[in-house]
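Letters A, B, ... mirror the listed sequences (proteins, then strands); counts begin at 1.
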Protein chains: 2
Amino acid sequence: MDSISPAEWSVLRIIWTEKHVTARRLIALVSSQHAWSASTVKTLLARLRTKGYVRTLRSDATTSQSPRAWVYEATMSESSVINAQTSDFFSHICAMHQGPALIHLVQTVPLSQKNIRDLQKILEKRAASAPSSVPCDCECGCAQTAETGTNEATQTDEVTSHA
Amino acid sequence: MDSISPAEWSVLRIIWTEKHVTARRLIALVSSQHAWSASTVKTLLARLRTKGYVRTLRSDATTSQSPRAWVYEATMSESSVINAQTSDFFSHICAMHQGPALIHLVQTVPLSQKNIRDLQKILEKRAASAPSSVPCDCECGCAQTAETGTNEATQTDEVTSHA
DNA sequence: CACATTCGTCTACACTTGTCATCGTGGTTA
DNA sequence: TAACCACGATGACAAGTGTAGACGAATGTG
């Protein structure tokens with residue numbers, strides 16, 4: 001699973017939304033958000049292709065002024081890529097802090113009524129078998145099993161010192 | 001807020017866990033996870049310092065064989081850095097898909113009983129004012145408010161072909 | 001059948017990241 | 001005090017990323 005750079009995300013998002021886009025249209029759409037030259041977008045497109053995230057198809061309908069207009073489409077669903085990248089990102093974080101990170105997200109990410117209901121359902125299920133605490137997995141000899149306190153501010157001198 | 005590379009995360013995690021570490025000890029701890037040379041760790045340390053994530057202090061106690069043993073410590077709390085980086089990561093994702101991404105995380109991330117209770121409390125609160133749906137914010141003219149409907153492939157077709 | 005247009009590819013360059021060797025300096029030890 | 005050693009700094013180099021110009025091939029137009 002190749003990593004996706006921020007610039008590549010911008011392009012990929014558009015492809016997912018449009019489902020099928022020509023380079024021409026893609027460049028136009030991107031330019032409403034970034035002051036990138038057409039070449040830049042093409043480069044990103046090429047890189048996304050070598051990474052396997054997009055592929056091209058011939059457009060049967062050769063729209064007037066677009067000779068050999070190829071059409072780009074994503075090879076994977078938006079959700080699956082997002083899930084994979086998100087999990088990958090979380091893998092950098094100590095297990096003990098993933099829960100709190102999630103709490104932060106749940107407080108800040110835009111959620112719909114349905115999202116909330118889904119989350120509640122999952123939490124209810126997970127509550128049945130959740131451990132009382134998640135130990136640190138930093139593999140540096142630390143035996144911390146913290147976060148039992150109200151806001152992990154117990155032994156966390158560090159937490160208080162945040163700039 | 002500078003980005004933190006995967007290699008830098010490894011080092012930073014150890015510093016947070018240890019609170020105060022000498023280069024010597026840090027290198028020893030890192031080597032239990034990665035086959036990096038001492039130089040590599042020092043470089044990462046230096047980069048983390050220029051990025052402002054760690055700083056050095058003199059160790060008053062000059063432990064026998066460690067002359068001028070500096071001690072590294074994090075300048076920011078682990079939680080605040082994690083939250084900032086996590087939010088930054090989510091900013092690449094279309095608003096409409098952030099909820100689902102969160103659902104995926106809540107299903108896979110290790111959670112303690114307390115984490116779950118906290119999450120439930122927050123969700124309950126948020127449910128009071130959550131919108132019925134979160135619209136796409138890909139800024140590419142899409143008016144999708146999906147995740148309720150199954151096929152939003154209505155006007156997409158026309159949009160694609162008009163070049 | 002030339003021509004302009006447009007497309008994808010190639011090349012480029014600065015900067016970041018992964019990875020490491022070397023060096024100067026200043027305390028430790030004999 | 002002389003030899004030594006660890007520490008941080010500097011330099012290095014390949015690969016990835018942000019950004020873009022130039023080029024050759026395909027194609028509709030006159």
D/dC7 OP1/OP2 closer than 4.0 Å to side-chain N/O of B/Tyr72 = no

To the nearest angstrom, how far is A/Arg25 atom CZ from C/dC7 atom P?
-> 13 Å

Do the side-chain N and O atoms of B/Ser79 and A/His97 include a donor-acceptor pair separated by under 3.5 angstrom?
-> no

Check whether the side chain of B/Thr43 and the base of C/dC20 form a donor-acceptor pair under 3.5 Å.
-> yes

A/Thr40, nearest nucleotide to its side chain (from C/dA21, D/dG18, D/dA20) | D/dA20

Between C/dT17 (P) and B/Ile4 (CD1): distance, integer Å = 10 Å

Give the rounded distance in Å between these two atoms: CD of A/Gln33 and P of D/dT19.
-> 13 Å

Output yes when at least one side-chain N/O atom of A/Arg49 is less than 4.0 Å from OP1 or OP2 of C/dG8, else no.
-> no

Phosphate oxygens OP1/OP2 of D/dT17: is one of them under 4.0 Å from a side-chain N or O of A/Ser3?
-> yes

Between A/Thr40 and A/Thr43, does any side-chain donor sit less than 3.5 Å from a side-chain acceptor?
-> no

Measure from CG on B/Leu45 to C1' on D/dG8 and round the result to the nearest Å.
-> 9 Å

Could you check how far CG of B/Leu44 sits from C1' of C/dG18, rounded to whole Å?
-> 8 Å

Considering heavy-atom distances to DNA chain D, does B/Arg47 or B/Lys42 have its closest nucleotide positioned more toward the 5' end?
-> B/Lys42

Pairwise 5' ranking along DNA chain C for B/Ala35 and B/Lys51, keeping only the more 5' one = B/Lys51

Using modelled atom types only, decide if a donor and an acceptor are shared between the side chain of B/Asn115 and the backbone of B/Ser112 within a distance under 3.5 Å.
-> yes

How many Å lie between CH2 on B/Trp36 and P on C/dT17, as a whole number?
-> 13 Å

Between P of C/dT16 and CG of B/Leu48, the distance in whole Å = 15 Å

Ignoring the backbone of A/Trp70, work out which of D/dC7, C/dC7, D/dA22 is nearest its side chain.
-> C/dC7

Hey, is the side chain of A/Ser39 pairing donor to acceptor with the base of D/dG21 inside 3.5 Å?
-> yes

Rounded to the nearest 0.5 Å, the NE2 atom of B/His20 sits from the CD atom of B/Glu18 at a distance of 10.5 Å

Taking the inter-plane angle between the rings of B/Trp9 and A/His92 on a 0 to 90° scale, is it parallel (under 30°), tilted (30 to 60°) or perpendicular (over 60°)?
-> parallel

Would you indicate what A/Ser5 reaches in the nucleic acid, counting non-hydrogen atoms under 4.0 angstrom: base, sugar-phosphate, or nothing?
-> sugar-phosphate

A/Arg55 has an atom CZ; how far is it from atom P of C/dG8, in whole Å?
-> 16 Å

